[in-house]
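Below, chain A is the first sequence line, B the second, and so on; all start at residue 1. Given the structure is predicted, the values throughout are model-derived calculations rather than measurements.
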Protein chains: 2
Amino acid sequence: MPTPRFFADKICPVRAKRERRKEARPGELLAAALDLFVEKGFAATRAEEVAARAGVSKGTLFLYFPSKEELFKAVVVENLGGRFAEWNDEFEAFEGTTADMLRYCMRVWWERVGMTKASGLTKLMMSEGTNFPELAEFYRKEVVRPGHTLLRRILQRGIDRGEFAPVDIDHAIYAVVAPMVFLMLWKHSAMVCVDAETSLDPEKYLATQAETVLYGLTRQPGAAA
Amino acid sequence: MPTPRFFADKICPVRAKRERRKEARPGELLAAALDLFVEKGFAATRAEEVAARAGVSKGTLFLYFPSKEELFKAVVVENLGGRFAEWNDEFEAFEGTTADMLRYCMRVWWERVGMTKASGLTKLMMSEGTNFPELAEFYRKEVVRPGHTLLRRILQRGIDRGEFAPVDIDHAIYAVVAPMVFLMLWKHSAMVCVDAETSLDPEKYLATQAETVLYGLTRQPGAAA
DNA sequence: TACATTACTAACCAGCGAGTCATTAAAATC
DNA sequence: GATTTTAATGACTCGCTGGTTAGTAATGTA
(Lines give C-alpha, C1' and ligand atoms only; values in the text may rest on other atoms or scores of the structure.)
Protein backbone atom coordinates (compact mmCIF):
# COMPACT_ATOMS: atom_id res chain seq x y z
CA MET A 1 0.00 0.00 0.00
CA PRO A 2 1.39 3.43 -0.93
CA THR A 3 2.15 6.05 1.64
CA PRO A 4 -0.67 8.42 2.56
CA ARG A 5 -0.91 11.78 0.80
CA PHE A 6 -1.31 15.39 1.84
CA PHE A 7 -4.25 17.55 1.02
CA ALA A 8 -2.53 20.89 1.35
CA ASP A 9 -4.25 22.20 -1.76
CA LYS A 10 -7.55 21.95 0.10
CA ILE A 11 -6.71 25.37 1.54
CA CYS A 12 -7.25 26.86 -1.91
CA PRO A 13 -10.98 27.64 -2.08
CA VAL A 14 -11.15 28.26 -5.83
CA ARG A 15 -10.25 24.82 -7.16
CA ALA A 16 -9.81 24.32 -10.83
CA LYS A 17 -12.89 22.70 -12.33
CA ARG A 18 -12.96 18.96 -12.47
CA GLU A 19 -15.46 18.53 -15.24
CA ARG A 20 -16.69 15.16 -16.44
CA ARG A 21 -16.96 15.18 -20.22
CA LYS A 22 -16.44 11.65 -21.39
CA GLU A 23 -17.59 12.35 -24.95
CA ALA A 24 -15.34 15.33 -25.64
CA ARG A 25 -12.08 14.08 -24.17
CA PRO A 26 -10.82 11.75 -26.95
CA GLY A 27 -11.23 14.38 -29.63
CA GLU A 28 -9.55 17.06 -27.56
CA LEU A 29 -6.70 14.74 -26.70
CA LEU A 30 -6.23 13.77 -30.36
CA ALA A 31 -6.14 17.43 -31.38
CA ALA A 32 -3.60 18.28 -28.69
CA ALA A 33 -1.52 15.24 -29.61
CA LEU A 34 -1.48 16.16 -33.31
CA ASP A 35 -0.27 19.65 -32.45
CA LEU A 36 2.54 18.47 -30.21
CA PHE A 37 3.64 15.46 -32.25
CA VAL A 38 3.97 17.66 -35.32
CA GLU A 39 5.71 20.38 -33.38
CA LYS A 40 8.23 18.29 -31.43
CA GLY A 41 8.22 14.77 -32.83
CA PHE A 42 7.01 11.55 -31.22
CA ALA A 43 9.82 10.79 -28.77
CA ALA A 44 10.23 14.40 -27.63
CA THR A 45 6.53 14.91 -26.90
CA ARG A 46 5.69 14.20 -23.28
CA ALA A 47 2.39 12.58 -22.43
CA GLU A 48 1.82 15.07 -19.64
CA GLU A 49 2.18 17.94 -22.08
CA VAL A 50 -0.45 16.49 -24.39
CA ALA A 51 -2.78 16.08 -21.43
CA ALA A 52 -2.13 19.63 -20.26
CA ARG A 53 -2.89 21.09 -23.69
CA ALA A 54 -6.15 19.14 -23.74
CA GLY A 55 -6.98 20.52 -20.31
CA VAL A 56 -6.78 17.23 -18.39
CA SER A 57 -4.25 15.42 -16.22
CA LYS A 58 -1.84 12.77 -17.42
CA GLY A 59 -3.88 10.05 -15.72
CA THR A 60 -6.90 10.97 -17.81
CA LEU A 61 -4.89 10.63 -21.03
CA PHE A 62 -4.03 7.03 -20.16
CA LEU A 63 -7.65 6.45 -19.31
CA TYR A 64 -8.60 6.99 -22.96
CA PHE A 65 -5.46 5.70 -24.71
CA PRO A 66 -3.56 2.72 -23.28
CA SER A 67 -0.14 4.04 -24.29
CA LYS A 68 1.63 6.84 -26.08
CA GLU A 69 2.04 4.65 -29.16
CA GLU A 70 -1.66 3.87 -29.34
CA LEU A 71 -2.38 7.58 -29.01
CA PHE A 72 -0.14 8.21 -32.00
CA LYS A 73 -1.82 5.53 -34.06
CA ALA A 74 -5.19 7.08 -33.31
CA VAL A 75 -3.88 10.44 -34.48
CA VAL A 76 -2.67 8.89 -37.74
CA VAL A 77 -6.00 7.18 -38.41
CA GLU A 78 -7.97 10.32 -37.61
CA ASN A 79 -5.94 12.58 -39.85
CA LEU A 80 -4.70 10.38 -42.68
CA GLY A 81 -5.52 6.68 -42.70
CA GLY A 82 -9.24 7.02 -42.15
CA ARG A 83 -9.78 9.28 -45.12
CA PHE A 84 -8.59 7.10 -47.98
CA ALA A 85 -11.95 5.38 -48.38
CA GLU A 86 -13.56 8.70 -49.25
CA TRP A 87 -10.71 9.72 -51.54
CA ASN A 88 -10.81 6.41 -53.38
CA ASP A 89 -14.51 6.90 -54.09
CA GLU A 90 -13.86 10.42 -55.30
CA PHE A 91 -11.27 9.32 -57.83
CA GLU A 92 -13.31 6.32 -58.85
CA ALA A 93 -15.94 8.77 -60.07
CA PHE A 94 -13.52 11.09 -61.85
CA GLU A 95 -14.24 11.90 -65.47
CA GLY A 96 -11.76 13.56 -67.79
CA THR A 97 -8.25 12.94 -69.04
CA THR A 98 -5.89 11.05 -66.77
CA ALA A 99 -3.40 13.91 -66.99
CA ASP A 100 -6.02 16.20 -65.47
CA MET A 101 -6.78 13.51 -62.93
CA LEU A 102 -3.16 13.45 -61.83
CA ARG A 103 -2.99 17.24 -61.66
CA TYR A 104 -6.20 17.28 -59.64
CA CYS A 105 -4.86 14.57 -57.35
CA MET A 106 -1.72 16.51 -56.55
CA ARG A 107 -3.57 19.78 -56.03
CA VAL A 108 -6.20 18.23 -53.81
CA TRP A 109 -3.55 16.43 -51.84
CA TRP A 110 -1.83 19.72 -51.19
CA GLU A 111 -5.03 21.36 -50.02
CA ARG A 112 -6.16 18.54 -47.72
CA VAL A 113 -2.85 17.24 -46.40
CA GLY A 114 0.23 19.06 -47.63
CA MET A 115 -0.73 22.49 -46.36
CA THR A 116 -2.34 21.21 -43.15
CA LYS A 117 -0.80 20.10 -39.88
CA ALA A 118 -1.34 16.47 -40.93
CA SER A 119 1.65 16.78 -43.26
CA GLY A 120 3.82 16.91 -40.15
CA LEU A 121 2.93 13.29 -39.44
CA THR A 122 4.65 12.19 -42.62
CA LYS A 123 7.75 14.14 -41.77
CA LEU A 124 7.60 12.63 -38.29
CA MET A 125 7.41 9.07 -39.55
CA MET A 126 10.28 9.59 -41.96
CA SER A 127 12.33 11.06 -39.12
CA GLU A 128 11.58 8.63 -36.32
CA GLY A 129 10.31 5.57 -38.11
CA THR A 130 13.51 3.61 -37.58
CA ASN A 131 13.33 4.20 -33.81
CA PHE A 132 9.74 2.96 -33.57
CA PRO A 133 9.40 0.01 -35.93
CA GLU A 134 5.87 -0.83 -34.86
CA LEU A 135 4.66 2.69 -35.57
CA ALA A 136 6.48 2.66 -38.91
CA GLU A 137 4.80 -0.57 -39.91
CA PHE A 138 1.42 0.77 -38.85
CA TYR A 139 1.96 3.94 -40.86
CA ARG A 140 3.05 2.01 -43.95
CA LYS A 141 -0.06 -0.13 -43.73
CA GLU A 142 -2.50 2.70 -43.04
CA VAL A 143 -1.09 5.51 -45.13
CA VAL A 144 1.76 4.61 -47.48
CA ARG A 145 0.17 1.56 -49.05
CA PRO A 146 -3.28 3.10 -49.56
CA GLY A 147 -1.62 6.16 -51.05
CA HIS A 148 0.43 4.10 -53.46
CA THR A 149 -2.59 2.05 -54.38
CA LEU A 150 -4.53 5.20 -55.21
CA LEU A 151 -1.73 6.54 -57.39
CA ARG A 152 -1.20 3.18 -59.05
CA ARG A 153 -4.86 3.11 -60.02
CA ILE A 154 -4.57 6.53 -61.64
CA LEU A 155 -1.44 5.64 -63.57
CA GLN A 156 -2.90 2.31 -64.66
CA ARG A 157 -5.95 4.12 -65.98
CA GLY A 158 -3.71 6.36 -68.06
CA ILE A 159 -1.86 3.40 -69.52
CA ASP A 160 -5.03 1.38 -70.16
CA ARG A 161 -6.57 4.29 -72.03
CA GLY A 162 -3.44 4.82 -74.08
CA GLU A 163 -2.90 8.27 -72.60
CA PHE A 164 0.36 7.29 -70.92
CA ALA A 165 3.21 5.16 -72.22
CA PRO A 166 3.45 1.72 -70.57
CA VAL A 167 6.06 2.90 -68.07
CA ASP A 168 7.21 1.04 -64.98
CA ILE A 169 4.42 2.03 -62.60
CA ASP A 170 6.52 1.73 -59.44
CA HIS A 171 9.06 4.17 -60.83
CA ALA A 172 6.32 6.55 -61.86
CA ILE A 173 4.68 6.45 -58.45
CA TYR A 174 7.87 7.62 -56.80
CA ALA A 175 8.33 10.36 -59.37
CA VAL A 176 4.89 11.68 -58.37
CA VAL A 177 5.34 11.16 -54.65
CA ALA A 178 8.83 12.66 -54.42
CA PRO A 179 7.89 16.34 -54.76
CA MET A 180 4.94 15.96 -52.40
CA VAL A 181 7.07 14.30 -49.74
CA PHE A 182 9.77 16.88 -50.22
CA LEU A 183 7.33 19.71 -49.62
CA MET A 184 6.09 18.17 -46.38
CA LEU A 185 9.61 17.68 -45.12
CA TRP A 186 10.73 21.11 -46.16
CA LYS A 187 7.75 22.83 -44.59
CA HIS A 188 8.39 21.28 -41.18
CA SER A 189 12.15 21.54 -41.09
CA ALA A 190 14.14 24.12 -39.21
CA MET A 191 16.60 24.42 -42.05
CA VAL A 192 14.60 27.02 -43.94
CA CYS A 193 16.75 30.10 -43.62
CA VAL A 194 15.00 33.32 -42.66
CA ASP A 195 16.61 35.14 -45.57
CA ALA A 196 14.73 32.93 -48.00
CA GLU A 197 11.16 33.34 -46.81
CA THR A 198 9.69 33.99 -50.19
CA SER A 199 11.42 31.04 -51.86
CA LEU A 200 9.84 27.85 -53.04
CA ASP A 201 6.17 28.68 -53.58
CA PRO A 202 4.58 25.25 -52.93
CA GLU A 203 1.78 25.46 -55.48
CA LYS A 204 4.09 26.61 -58.23
CA TYR A 205 6.70 24.01 -57.32
CA LEU A 206 4.11 21.23 -57.35
CA ALA A 207 2.63 22.35 -60.65
CA THR A 208 6.06 22.41 -62.28
CA GLN A 209 6.85 18.95 -60.96
CA ALA A 210 3.51 17.63 -62.17
CA GLU A 211 4.17 18.83 -65.70
CA THR A 212 7.66 17.31 -65.62
CA VAL A 213 6.24 13.94 -64.64
CA LEU A 214 3.47 14.13 -67.21
CA TYR A 215 6.04 15.01 -69.86
CA GLY A 216 7.87 11.81 -68.97
CA LEU A 217 4.69 9.74 -68.81
CA THR A 218 3.53 10.69 -72.28
CA ARG A 219 6.81 9.67 -73.88
CA GLN A 220 8.71 6.43 -74.30
CA PRO A 221 8.91 3.91 -71.43
CA GLY A 222 11.42 4.50 -68.63
CA ALA A 223 11.50 8.27 -68.98
CA ALA A 224 9.48 8.91 -65.86
CA ALA A 225 12.15 8.14 -63.26
CA MET B 1 33.08 11.38 -0.27
CA PRO B 2 31.25 8.56 -2.08
CA THR B 3 30.80 5.11 -0.61
CA PRO B 4 33.63 2.61 -1.17
CA ARG B 5 33.42 0.18 -4.07
CA PHE B 6 33.87 -3.52 -4.57
CA PHE B 7 36.62 -5.13 -6.59
CA ALA B 8 34.91 -8.41 -7.27
CA ASP B 9 35.99 -8.34 -10.89
CA LYS B 10 39.56 -8.80 -9.73
CA ILE B 11 38.84 -12.52 -9.63
CA CYS B 12 38.66 -12.53 -13.42
CA PRO B 13 42.25 -12.95 -14.57
CA VAL B 14 41.68 -12.15 -18.25
CA ARG B 15 40.60 -8.51 -18.03
CA ALA B 16 39.69 -6.64 -21.13
CA LYS B 17 42.59 -4.52 -22.28
CA ARG B 18 42.82 -1.02 -20.92
CA GLU B 19 44.91 0.53 -23.65
CA ARG B 20 46.11 4.13 -23.61
CA ARG B 21 45.80 5.59 -27.12
CA LYS B 22 45.26 9.29 -26.71
CA GLU B 23 45.82 10.08 -30.39
CA ALA B 24 43.38 7.58 -31.84
CA ARG B 25 40.42 8.12 -29.50
CA PRO B 26 38.86 11.28 -30.95
CA GLY B 27 38.77 9.90 -34.47
CA GLU B 28 37.32 6.59 -33.36
CA LEU B 29 34.71 8.35 -31.24
CA LEU B 30 33.74 10.63 -34.13
CA ALA B 31 33.36 7.65 -36.45
CA ALA B 32 31.22 5.77 -33.94
CA ALA B 33 29.14 8.88 -33.29
CA LEU B 34 28.50 9.45 -37.01
CA ASP B 35 27.32 5.87 -37.38
CA LEU B 36 24.93 6.02 -34.46
CA PHE B 37 23.63 9.56 -34.98
CA VAL B 38 22.78 8.71 -38.58
CA GLU B 39 21.24 5.41 -37.60
CA LYS B 40 19.13 6.53 -34.64
CA GLY B 41 19.06 10.31 -34.53
CA PHE B 42 20.58 12.69 -32.02
CA ALA B 43 18.22 12.36 -29.06
CA ALA B 44 17.85 8.59 -29.37
CA THR B 45 21.60 7.93 -29.47
CA ARG B 46 23.01 7.20 -26.01
CA ALA B 47 26.43 8.47 -25.13
CA GLU B 48 27.34 5.11 -23.62
CA GLU B 49 26.53 3.38 -26.89
CA VAL B 50 28.83 5.68 -28.84
CA ALA B 51 31.59 4.98 -26.35
CA ALA B 52 31.00 1.24 -26.53
CA ARG B 53 31.19 1.22 -30.32
CA ALA B 54 34.46 3.13 -30.12
CA GLY B 55 35.75 0.56 -27.63
CA VAL B 56 35.95 2.86 -24.61
CA SER B 57 33.84 3.62 -21.56
CA LYS B 58 31.38 6.46 -21.29
CA GLY B 59 33.73 8.38 -19.01
CA THR B 60 36.37 8.42 -21.73
CA LEU B 61 33.93 9.91 -24.21
CA PHE B 62 33.31 12.88 -21.93
CA LEU B 63 37.06 13.20 -21.47
CA TYR B 64 37.43 14.10 -25.15
CA PHE B 65 34.12 15.88 -25.78
CA PRO B 66 32.58 18.05 -23.06
CA SER B 67 28.98 17.13 -23.94
CA LYS B 68 26.86 15.19 -26.38
CA GLU B 69 26.07 18.40 -28.27
CA GLU B 70 29.75 19.26 -28.71
CA LEU B 71 30.35 15.74 -29.94
CA PHE B 72 27.67 16.23 -32.55
CA LYS B 73 29.11 19.56 -33.66
CA ALA B 74 32.51 17.92 -34.09
CA VAL B 75 30.90 15.23 -36.25
CA VAL B 76 29.27 17.90 -38.42
CA VAL B 77 32.52 19.82 -38.89
CA GLU B 78 34.48 16.66 -39.67
CA ASN B 79 32.03 15.39 -42.26
CA LEU B 80 30.47 18.48 -43.81
CA GLY B 81 31.41 21.92 -42.52
CA GLY B 82 35.16 21.52 -42.73
CA ARG B 83 35.15 20.59 -46.41
CA PHE B 84 33.61 23.67 -47.96
CA ALA B 85 36.94 25.51 -48.20
CA GLU B 86 38.27 22.82 -50.51
CA TRP B 87 35.05 22.70 -52.54
CA ASN B 88 35.01 26.46 -52.94
CA ASP B 89 38.53 26.40 -54.37
CA GLU B 90 37.57 23.59 -56.72
CA PHE B 91 34.66 25.54 -58.18
CA GLU B 92 36.63 28.76 -58.28
CA ALA B 93 38.96 27.04 -60.74
CA PHE B 94 36.20 25.52 -62.87
CA GLU B 95 36.33 26.22 -66.58
CA GLY B 96 33.45 25.52 -68.93
CA THR B 97 29.83 26.49 -69.29
CA THR B 98 27.91 27.28 -66.12
CA ALA B 99 25.33 24.68 -67.04
CA ASP B 100 28.07 22.04 -66.97
CA MET B 101 29.31 23.55 -63.74
CA LEU B 102 25.90 23.08 -62.14
CA ARG B 103 25.60 19.52 -63.44
CA TYR B 104 29.08 18.77 -62.12
CA CYS B 105 28.22 20.34 -58.78
CA MET B 106 25.16 18.17 -58.30
CA ARG B 107 26.95 15.02 -59.41
CA VAL B 108 29.95 15.65 -57.20
CA TRP B 109 27.70 16.46 -54.28
CA TRP B 110 25.99 13.13 -54.71
CA GLU B 111 29.28 11.25 -54.78
CA ARG B 112 30.85 12.98 -51.79
CA VAL B 113 27.82 13.58 -49.55
CA GLY B 114 24.53 12.29 -50.89
CA MET B 115 25.54 8.68 -51.22
CA THR B 116 27.69 8.64 -48.05
CA LYS B 117 26.72 8.37 -44.42
CA ALA B 118 27.21 12.12 -44.04
CA SER B 119 23.88 12.68 -45.80
CA GLY B 120 22.22 11.27 -42.70
CA LEU B 121 23.33 14.36 -40.79
CA THR B 122 21.18 16.56 -42.99
CA LYS B 123 18.19 14.34 -42.48
CA LEU B 124 18.90 14.39 -38.77
CA MET B 125 19.01 18.18 -38.57
CA MET B 126 15.80 18.54 -40.54
CA SER B 127 14.17 16.05 -38.19
CA GLU B 128 15.40 17.22 -34.82
CA GLY B 129 16.49 20.78 -35.48
CA THR B 130 13.49 22.29 -33.75
CA ASN B 131 14.22 20.28 -30.59
CA PHE B 132 17.84 21.43 -30.42
CA PRO B 133 17.94 25.09 -31.48
CA GLU B 134 21.62 25.54 -30.72
CA LEU B 135 22.57 22.59 -32.94
CA ALA B 136 20.26 23.86 -35.67
CA GLU B 137 21.89 27.28 -35.59
CA PHE B 138 25.34 25.70 -35.68
CA TYR B 139 24.38 23.55 -38.64
CA ARG B 140 22.91 26.49 -40.53
CA LYS B 141 26.10 28.46 -39.99
CA GLU B 142 28.52 25.64 -40.82
CA VAL B 143 26.69 23.83 -43.60
CA VAL B 144 23.55 25.48 -44.93
CA ARG B 145 24.98 28.96 -45.42
CA PRO B 146 28.28 27.83 -47.03
CA GLY B 147 26.30 25.54 -49.30
CA HIS B 148 23.96 28.32 -50.37
CA THR B 149 26.89 30.66 -50.88
CA LEU B 150 28.56 28.14 -53.16
CA LEU B 151 25.40 27.67 -55.22
CA ARG B 152 24.76 31.40 -55.33
CA ARG B 153 28.22 31.93 -56.78
CA ILE B 154 27.57 29.41 -59.53
CA LEU B 155 24.20 30.90 -60.43
CA GLN B 156 25.60 34.43 -60.35
CA ARG B 157 28.35 33.36 -62.74
CA GLY B 158 25.75 32.04 -65.12
CA ILE B 159 23.81 35.28 -65.03
CA ASP B 160 26.92 37.47 -65.33
CA ARG B 161 28.04 35.57 -68.40
CA GLY B 162 24.62 35.80 -70.00
CA GLU B 163 24.18 32.01 -69.89
CA PHE B 164 21.25 32.20 -67.45
CA ALA B 165 18.33 34.59 -67.39
CA PRO B 166 18.46 37.10 -64.51
CA VAL B 167 16.22 34.98 -62.29
CA ASP B 168 15.62 35.47 -58.57
CA ILE B 169 18.70 33.70 -57.24
CA ASP B 170 17.12 32.68 -53.92
CA HIS B 171 14.31 30.91 -55.74
CA ALA B 172 16.77 29.20 -58.03
CA ILE B 173 18.92 28.02 -55.14
CA TYR B 174 15.98 26.20 -53.61
CA ALA B 175 15.03 24.67 -56.92
CA VAL B 176 18.54 23.16 -57.06
CA VAL B 177 18.68 22.18 -53.41
CA ALA B 178 15.21 20.61 -53.24
CA PRO B 179 15.96 17.37 -55.12
CA MET B 180 19.25 16.90 -53.28
CA VAL B 181 17.62 17.33 -49.90
CA PHE B 182 14.79 15.05 -50.90
CA LEU B 183 17.20 12.28 -51.86
CA MET B 184 18.99 12.47 -48.52
CA LEU B 185 15.75 12.30 -46.60
CA TRP B 186 14.34 9.53 -48.72
CA LYS B 187 17.46 7.43 -48.46
CA HIS B 188 17.41 7.50 -44.67
CA SER B 189 13.70 7.11 -44.12
CA ALA B 190 11.93 3.95 -43.12
CA MET B 191 9.08 4.68 -45.47
CA VAL B 192 10.68 3.05 -48.49
CA CYS B 193 8.51 0.02 -49.05
CA VAL B 194 10.29 -3.24 -49.72
CA ASP B 195 8.14 -3.86 -52.79
CA ALA B 196 9.67 -0.84 -54.47
CA GLU B 197 13.37 -1.53 -54.14
CA THR B 198 14.25 -0.71 -57.69
CA SER B 199 12.40 2.61 -57.73
CA LEU B 200 13.91 6.04 -57.75
CA ASP B 201 17.40 5.59 -59.11
CA PRO B 202 19.21 8.53 -57.44
CA GLU B 203 21.57 9.42 -60.27
CA LYS B 204 18.82 9.38 -62.85
CA TYR B 205 16.48 11.36 -60.60
CA LEU B 206 19.13 13.99 -59.96
CA ALA B 207 20.04 14.28 -63.63
CA THR B 208 16.39 14.76 -64.59
CA GLN B 209 15.95 17.41 -61.92
CA ALA B 210 19.11 19.19 -63.03
CA GLU B 211 17.84 19.45 -66.60
CA THR B 212 14.47 20.71 -65.37
CA VAL B 213 16.17 23.48 -63.41
CA LEU B 214 18.49 24.37 -66.28
CA TYR B 215 15.52 24.53 -68.60
CA GLY B 216 13.96 27.09 -66.27
CA LEU B 217 17.20 29.01 -65.81
CA THR B 218 17.78 29.52 -69.50
CA ARG B 219 14.31 30.97 -70.07
CA GLN B 220 12.48 34.04 -68.86
CA PRO B 221 12.88 35.25 -65.24
CA GLY B 222 10.83 33.57 -62.53
CA ALA B 223 10.49 30.25 -64.29
CA ALA B 224 12.98 28.49 -62.03
CA ALA B 225 10.76 28.11 -58.96
C1' DT C 1 62.12 -1.55 -7.98
C1' DA C 2 60.11 2.75 -6.45
C1' DC C 3 57.70 6.72 -7.77
C1' DA C 4 55.10 10.09 -10.72
C1' DT C 5 52.00 10.98 -14.31
C1' DT C 6 47.73 10.52 -16.64
C1' DA C 7 44.51 7.84 -19.83
C1' DC C 8 40.93 5.29 -18.61
C1' DT C 9 37.20 3.10 -15.90
C1' DA C 10 32.82 2.20 -13.51
C1' DA C 11 30.06 3.31 -9.75
C1' DC C 12 27.32 7.00 -8.79
C1' DC C 13 23.99 10.91 -9.05
C1' DA C 14 20.26 13.82 -10.52
C1' DG C 15 16.57 14.63 -13.40
C1' DC C 16 13.15 13.17 -16.43
C1' DG C 17 9.15 10.83 -18.34
C1' DA C 18 5.90 6.69 -19.20
C1' DG C 19 2.60 4.39 -16.97
C1' DT C 20 -0.06 3.03 -12.27
C1' DC C 21 -3.38 3.34 -8.66
C1' DA C 22 -5.49 4.83 -4.39
C1' DT C 23 -8.21 8.66 -3.69
C1' DT C 24 -11.57 12.34 -4.85
C1' DA C 25 -15.72 14.32 -6.41
C1' DA C 26 -19.23 15.07 -10.17
C1' DA C 27 -23.18 13.03 -11.75
C1' DA C 28 -26.74 9.47 -11.75
C1' DT C 29 -30.00 6.83 -9.15
C1' DC C 30 -32.66 5.80 -5.40
C1' DG D 1 -30.76 13.83 1.12
C1' DA D 2 -28.42 9.42 0.91
C1' DT D 3 -26.09 6.14 -1.89
C1' DT D 4 -23.87 4.39 -5.93
C1' DT D 5 -21.23 4.88 -9.98
C1' DT D 6 -17.43 6.37 -12.48
C1' DA D 7 -14.67 10.35 -14.66
C1' DA D 8 -10.82 12.56 -13.17
C1' DT D 9 -6.76 13.38 -10.44
C1' DG D 10 -1.77 13.58 -8.99
C1' DA D 11 1.51 11.44 -6.06
C1' DC D 12 4.17 7.53 -6.82
C1' DT D 13 7.23 3.88 -8.99
C1' DC D 14 10.56 2.49 -12.05
C1' DG D 15 13.75 2.50 -15.70
C1' DC D 16 16.70 5.17 -18.29
C1' DT D 17 20.55 8.45 -19.56
C1' DG D 18 23.68 12.69 -19.53
C1' DG D 19 27.23 13.92 -16.94
C1' DT D 20 30.67 13.48 -12.61
C1' DT D 21 34.46 11.74 -10.02
C1' DA D 22 37.02 8.72 -6.93
C1' DG D 23 39.77 5.30 -7.96
C1' DT D 24 42.78 2.04 -11.23
C1' DA D 25 46.43 0.74 -14.11
C1' DA D 26 49.42 1.58 -18.10
C1' DT D 27 53.40 4.10 -19.15
C1' DG D 28 57.50 6.83 -18.36
C1' DT D 29 61.51 7.94 -15.49
C1' DA D 30 64.97 7.14 -11.84
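Rounded to an integer number of Å, the gap from CG of B:Leu63 to C1' of C:dT9 is 10 Å. In this entry the distance linking NZ of B:Lys40 with P of D:dC16 reads 13 Å, nearest Å. In this structure, A:Phe42 atom CZ and C:dG17 atom C1' are separated by 12 Å, rounded to whole Å. Rounded to whole angstrom, the span from the CZ atom of B:Phe72 across to the P atom of D:dG19 amounts to 14 Å. Rounded to whole Å, the distance from CD on B:Glu70 to P on D:dG19 is 10 Å. Nucleotide C:dG17 holds its P atom 9 Å from the NZ atom of A:Lys68, rounded to whole Å. Between A:Phe62 atom CZ and C:dG17 atom P the separation is 13 Å, expressed in whole Å. B:Glu19 places its CD atom 14 Å from the C1' atom of C:dT9, with the value rounded to the nearest Å.
Contact detail for A:His188 and A:Gly120: the closest heavy-atom pair is CE1-N, 3.2 Å.
Side-chain contact check for B:Tyr64 and B:Glu28: no donor-acceptor pair (N or O, by modelled atom type) lies under 3.5 Å.
Remark: side-chain polar atoms of A:Lys68 are paired, donor with acceptor, to backbone N or O of A:Thr45 under 3.5 angstrom. Remark: side-chain polar atoms of B:Ser119 are not paired, donor with acceptor, to backbone N or O of B:Met115 under 3.5 angstrom. A distance-only check finds a donor-acceptor pair linking the side chain of A:Lys123 to the backbone of B:Ser127 [under 3.5 Å]. Counting only distance, with no hydrogens or angles, the side chain of A:Glu128 and the backbone of A:Ala43 share a donor-acceptor pair below 3.5 Å.
Of the residues in residues 48-59 of chain A, A:Val56, A:Ser57, A:Gly59 come within less than 4.0 Å of DNA chain D through at least one heavy atom, sorted by number. Within residues 123-133 of chain A, no residue is approached by DNA chain D to less than 4.0 Å at the level of any non-hydrogen atom.
Picking from D:dT9, C:dA18, C:dT9 the nucleotide with the shortest atom distance to the side chain of A:Thr60 gives D:dT9.
The phosphate of C:dT24 has neither OP1 nor OP2 within less than 4.0 Å of any side-chain N or O from A:Arg18. The phosphate of C:dA27 has neither OP1 nor OP2 within less than 4.0 Å of any side-chain N or O from A:Arg20. Regarding contacts with the backbone of C:dC8, a side-chain N or O of B:Arg25 is found under 4.0 angstrom from either OP1 or OP2.
By the 4.0 Å N-to-carboxylate-O rule, B:Arg153 lies close enough to B:Glu92 to be salt-bridged with it. Of the charged side-chain nitrogens involved, none lies within less than 4.0 Å of a carboxylate oxygen, so that A:Glu90 and A:Arg83 do not count as a salt-bridged pair.
Using cut-offs of 30° and 60° on the angle between ring planes, the pair B:Phe94 and B:Phe91 is parallel.
Backbone-only engagement by B:Tyr64 is indicated by non-hydrogen atom pairs under 4.0 Å involving sugar-phosphate atoms exclusively.
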